[in-house]
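Per chain, numbering begins at 1; letters A, B, ... match sequence-line order.
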2 protein chains.
Amino acid sequence: MKRILVVDDDPWVRKLVRGYLERAGFAVAVAASGPEALTEFIAHPPDLVVLDLMLPGMDGLDVARRIRDSSRVPIIMVTARSTEDDRVLGLELGADDYVIKPFSARELEARVRAVFRRAESKPMAPRVIGAAGIRMDLERRDSWVDGKLLDLTALEFDLLAFLVQHANRAFTRLELLEAVRGTSYSSFERAVDSHIKRLRKKVEPFPESPSRFVTVYGVGYKLSTEGRREPA
Amino acid sequence: MKRILVVDDDPWVRKLVRGYLERAGFAVAVAASGPEALTEFIAHPPDLVVLDLMLPGMDGLDVARRIRDSSRVPIIMVTARSTEDDRVLGLELGADDYVIKPFSARELEARVRAVFRRAESKPMAPRVIGAAGIRMDLERRDSWVDGKLLDLTALEFDLLAFLVQHANRAFTRLELLEAVRGTSYSSFERAVDSHIKRLRKKVEPFPESPSRFVTVYGVGYKLSTEGRREPA
DNA sequence: TGGCTTTGCCACAACTTTGCCTCAATCTCT
DNA sequence: AGAGATTGAGGCAAAGTTGTGGCAAAGCCA
């Protein structure tokens, strides 16, 4: 069950928010002051903090800052309508959302759920492919060999991606041209040689004796994973 | 048809509100006191409750609490202007919205519709997003880089928001155009260059050597967060 | 091994893409 | 309507990429 820490100096607010959020299925802890909040935060780290910026004594922003120093826990700030500056400062500090007083507990619940939903949604599974020690993120258009970032041109990247996606299969130069340039208007096939050469230079440890970009005499090229185990 | 229960001790208000809401297409029941409201609530559970806090005998907050004990039905509170203090805030915490006396029936209707709309709407979209040291409040259309408030045009803001929401992913100019302008009626792609340039000028510390708005040669642009690591 | 085919390679020219300037059209306020 | 801001277009220079063509080297087969 998700734990929420509610920090507010008003007993009424604490009581009502706690009641509402508990009925909504969360485990709620409360704190009435900054120091109390930090103590509770360390003793029982919550999954989310609802923080009133208008605390007596220690400023709510200080509390937020202190929490951020040690944790990435989501924070929802509560601000008064009039204190625009606090909202801005709070957001700069890395608050994840805010509600403005007076707010309805129902709205708070909705925002709490939204923050959790966002936090739980995976970091958007990257479209990553790999073979022969090469790894490519097609969306970012980043690529690595044995952990080292590569610097490829657009065409090189596309050619490599194609080979990685069809590792160990041999292609003719025309096929490679078509795969990379869409329509294979029969360009001079020797161009492929150049691209393979450039790829070898950039990704092979010893470009002069290629282990990955293998020439298939009389056919073309293939990306070989020979003698290489690929992690699933 | 949506059923609304109106709780108010003033016969005039009951009559007026009932008449207006019925003409607006709702089925309306009324109650003049707390106990009456609860009886009616159990006998004919409504889809929404409009509740005056100033009831004789049982306090309006008590009624709200009793309703909440058994139901999540939306509640709109009616409060007097004079009692706008922390207590009012507390009272409002259990409600979905509130109107302040004196209120127009038209305003009440608007709030009723808004509450219904909210209840039926899909999960809340985030209104605070961030990436690469950039933070944006989509609702207020404020944005910051490293704590500094930005002054962006509408289009710049939308473009930046899109990039922040899809950080690290490379997009073609056409994709960016479409994301920002809705339909990508193939406008001149070079316009994107201009916008990227303007964004660089406004948010990069050294616009001449951009670290965030990265050109992906042969593809387009991407918003890069930090040093890229190989995905697991 | 000899004769034929295929590949590697090079430097550079041709080409593509981007950065950015300016200006005009459009939009937004007052 | 007018002033000011915003946005798109065209164009040019700079930066970066890719194809070319020929020759040397290597592979294949009888």
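Nucleic acid contact class of A:L155 (heavy atoms, under 4.0 Å, all strands): sugar-phosphate only. Residue A:F213 is classed as having no contact, given no heavy-atom separation below 4.0 Å to the nucleic acid.
Contact annotation: A:T153 reaches the phosphate of D:dT18 (side-chain N/O to OP1 or OP2, under 4.0 Å). At the phosphate of C:dG19, OP1 or OP2 sits under 4.0 Å from a side-chain N or O atom of B:T215. Not one side-chain nitrogen or oxygen of B:R173 sits closer than 4.0 Å to the OP1 or OP2 atom of C:dT17. Taking only side-chain nitrogens and oxygens, A:K197 comes nearer than 4.0 Å to OP1 or OP2 of C:dC10. Under 4.0 angstrom from either OP1 or OP2 of D:dG19 there lies at least one side-chain N or O belonging to A:R181. Note on A:H195: every side-chain N or O is 4.0 Å or more away from OP1 and OP2 of D:dT17.
Atom CZ in B:F188 sits roughly 13 Å away from atom C1' in C:dG19 (whole-Å rounding). Rounded to an integer number of Å, the gap from CZ of B:F157 to C1' of D:dT7 is 18 Å. In this structure, A:L159 atom CG and D:dG19 atom P are separated by 10 Å, rounded to whole Å. As rounded to whole Å, 15 Å separates atom C1' of C:dC9 from atom CG of A:L199. If you take CG of A:L176 and C1' of D:dT18, they are 16 Å apart, rounded to a whole angstrom. For the pair B:K222 NZ and C:dT18 P, the computed distance is 14 Å after rounding to whole Å. The CD1 atom of B:I196 sits 12 Å away from the C1' atom of C:dT18 (whole-angstrom rounding). Rounded to a whole Å, the CD atom of A:E204 is 11 Å from the P atom of C:dC9.
Under 4.0 Å is where a charged nitrogen must lie from a carboxylate oxygen, and between B:R173 and B:D193 at least one such pair does. Here B:D10 does not pair with B:K15 in a salt bridge; the nearest charged N to carboxylate O distance is not below 4.0 Å.
Of the residues near DNA chain C, A:S194 and B:R200, the one whose nearest nucleotide (by heavy atom distance) lies more toward the 5' end is A:S194. The nearest heavy atom of DNA chain D to B:A191 and to B:Y217 marks one nucleotide each, and the one closer to the 5' end goes with B:A191. Of the residues near DNA chain D, A:A154 and B:L152, the one whose nearest nucleotide (by heavy atom distance) lies more toward the 5' end is B:L152.
A donor-acceptor contact under 3.5 Å is not formed by the side chain of A:R198 with the base of D:dG16.
Scanning both residues, A:I129 and A:A161, for their nearest heavy atoms gives CD1-O, 3.9 Å. When all heavy atoms of B:Q165 and B:L138 are compared, the closest pair comes out as NE2-CD1, 3.9 Å.
Two residues are said to be in side-chain contact when any heavy atoms from C-beta on lie closer than 4.5 Å; A:K222 and A:R169 fail this criterion. Contact of the A:R118 side chain with the A:D97 side chain is registered, since non-hydrogen atoms from C-beta on lie closer than 4.5 Å.
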Could you please spell out the steps behind the side-chain contact (heavy atoms from CB on, under 4.5 Å) verdict for A:V7 and A:D52? CA-CA 6 Å; A:V7 186; A:D52 188 347; 5.8 Å; no

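Distances were taken from every side-chain heavy atom of A:R190 (C-beta onward) to each of D:dT20, C:dG19, C:dC9; the shortest belongs to C:dC9. When each of C:dC21, C:dT7, D:dT20 is scored by its nearest atom to the side-chain atoms of A:D193, the top-ranked nucleotide is C:dT7.
Two end axes, each from the C1' atoms of five base pairs, can be drawn for the helix from C:dT1-D:dA30 to C:dT30-D:dA1; they diverge by 50°, to 10 degrees.
Other residues, nucleotides and ligands contribute over 12 non-hydrogen atoms within 6.0 Å of the CZ atom of B:R200.
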